[in-house]
Amino acid sequence: MKFYIVKKDSRLAAIPVEESVLNEYKARGFEFVEVIAARDEPDALSRTTPHAKRPKKWLFYGSTLVILSLIAIIFAIK
């Protein structure tokens, strides 16, 4: 069986492949991620690619690097 994987913020959902159901989720603010072939909804979510599960990981590393750089510059100036 095929499932649409949709996400809103950091929440993922697996829904059966039906355009009407997908349109309902899009109306609630979800966005389409990918189509997965799986046995059931939990199996579809477990097969989801890591970039769909952790979309803000790069933001955390980038902001940490900027903060550490600013601290290093402040101590280098003094």
Side-chain angles (χ1 to χ4, degrees):
M1 185 171 190
K2 290 188 178 184
F3 291 91
Y4 286 134
I5 303 296
V6 293
K7 72 175 181 176
K8 181 176 182 181
D9 300 328
S10 62
R11 187 173 60 153
L12 291 175
I15 56 175
V17 175
E18 293 180 20
E19 289 296 320
S20 61
V21 176
L22 180 62
N23 290 336
E24 289 175 16
Y25 273 81
K26 283 184 177 180
R28 287 192 262 159
F30 284 81
E31 66 181 41
F32 172 78
V33 176
E34 63 185 327
V35 177
I36 297 284
R39 292 185 310 258
D40 54 8
E41 291 177 20
D43 185 38
L45 290 174
S46 69
R47 293 176 187 234
T48 304
T49 56
H51 72 273
K53 292 181 183 175
R54 297 180 198 95
K56 297 182 183 178
K57 186 176 184 179
W58 65 270
L59 182 61
F60 173 74
Y61 289 134
S63 60
T64 302
L65 180 64
V66 168
I67 291 170
L68 291 176
S69 298
L70 289 174
I71 291 171
I73 290 170
I74 290 170
F75 281 112
I77 292 173
K78 288 185 180 182

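Just so you know, residue 1 is the first one in the sequence shown, and it goes up from there.
The 12-atom threshold is not exceeded at CZ of R39, counting heavy atoms of other residues, nucleotides or ligands nearer than 6.0 Å.
Between the side chain of K8 and the backbone N or O of K26 there is no donor-acceptor pair closer than 3.5 Å.
Hydrophobic clustering, with ILVMFWY side chains joined whenever heavy atoms are under 4.5 angstrom apart, keeps V21 apart from F3.
Here the CG atom belonging to L68 is positioned 11.0 Å from the CD1 atom belonging to I73, to the nearest 0.5 angstrom. The distance from the CZ atom of F30 to the CG atom of L12 is 9.0 Å, given to the nearest 0.5 Å. Note that NZ of K2 and CD1 of I36 are 10.5 Å apart. Values are rounded to the nearest 0.5 Å.
Of all heavy-atom pairs between A44 and A14, the closest is CB-CB, 4.0 Å.
When side chains are defined from C-beta on, V6 does not count as touching E31, because their heavy atoms never get closer than 4.5 Å. Looking at heavy atoms from C-beta onward, E18 lies out of side-chain contact with Y4 at the 4.5 angstrom threshold.
Applying the side chain to side chain contact (heavy atoms under 4.5 Å, CB included) test between I5 and each of L45, V35, I15 identifies L45 as the sole match.
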